[in-house]
Amino acid sequence: REAGIETRGQGRSYTLAKNYRNSAEILKAALAIKNSDIESLSTADLQLIGEAPVTNQLPKIVPCVTEESQDRALVKLIKSFSSSDIKFGDIAILLPSNKKLTHYYQLLKNTGIPYQVLKDYNGKTNAQVKIGTYKLSRSLEFKVVLLPDISDGTFPARQFRHTADD
């Protein structure tokens, strides 16, 4: 129950006992989404956060009024990593469904950012930004995960809000 992730297979069910991947900050944000309000977390959720490593790197929300401003902010953010130890292959753009995948393929193509469709990703390191759905990203790890098209009510913005210039 510590990680709170149940797995099923071959007629058996298991609950993973420990979270080895997520930082306390990421877990707090994810659990806040699940519960809509960070103050309403259960004792078990708080225990899970308490056992996770602390990185002091908060999730970042960049409010955008239009799709065009969001696209500009996304491209700027991706390109900003070229001067750090994070490369294009360390980045994923994840979406709730396939509905807007083509939009993001075209955006990256038009701005010269190499990308790979997550459904075609074989797990080998490469220099391409991955684009796919939340579901396809299960069990994959990325240094940077970008979640465009999140609106008020679907993320606890007040805890993590930044400006487009951050």
How close do [X] and [Y] get, counting heavy atoms only, and between which atoms?
{"X": "P148", "Y": "Y104", "result": "CB-OH, 3.3 Å"}
{"X": "G132", "Y": "L101", "result": "CA-CD2, 3.8 Å"}
{"X": "A127", "Y": "P114", "result": "O-CG, 3.3 Å"}
{"X": "Y134", "Y": "L147", "result": "CE2-CD2, 3.6 Å"}

K79 (side chain) donor-acceptor with T111 (main chain) under 3.5 angstrom
yes
Distance-only, no hydrogens or angles: does the T66 side chain make a donor-acceptor pair with backbone N or O of S69 under 3.5 Å?
yes
Residues which pass salt bridge (charged side-chain N to carboxylate O under 4.0 Å, His left out) with K100, listed by chain and number, not counting sequence neighbours
E67, D149
Please name all residues satisfying side chain to side chain donor-acceptor pair (under 3.5 Å) with S97, sequence neighbours left out, ordered by chain then number.
none
Just verifying a value: how many Å separate [X] [atom1] and [Y] [atom2], rounded to the nearest 0.5 Å?
{"X": "I113", "Y": "I78", "atom1": "CD1", "atom2": "CD1", "result": "4.5 Å"}
{"X": "L136", "Y": "N98", "atom1": "CG", "atom2": "CG", "result": "7.0 Å"}
{"X": "F88", "Y": "Q116", "atom1": "CZ", "atom2": "CD", "result": "14.5 Å"}
{"X": "Q128", "Y": "N126", "atom1": "CD", "atom2": "CG", "result": "4.5 Å"}
{"X": "L107", "Y": "Y115", "atom1": "CG", "atom2": "OH", "result": "10.5 Å"}

With side-chain contact (heavy atoms from CB on, under 4.5 Å) as the criterion, how do I93 and L108 come out once you've worked through the C-alpha distance, each side chain's angles and the decisive distance to 0.1 Å?
CA-CA 11 Å; I93 298 174; L108 296 189; 3.9 Å; yes
Measure the shortest side-chain to side-chain distance between [X] and [Y] over non-hydrogen atoms and say whether it is less than 4.5 angstrom.
{"X": "L140", "Y": "Y121", "answer": "yes"}
{"X": "D90", "Y": "D85", "answer": "no"}
{"X": "D71", "Y": "H103", "answer": "yes"}

Reference residue I91; test side chain to side chain contact (heavy atoms under 4.5 Å, CB included); the match among I131, I86, L77
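Going through the options one by one, the only one that passes is I86.
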Taking it one step at a time, do F81 and K87 satisfy side-chain contact (heavy atoms from CB on, under 4.5 Å)?
CA-CA 6 Å; F81 289 116; K87 306 300 178 212; over 6 Å; no
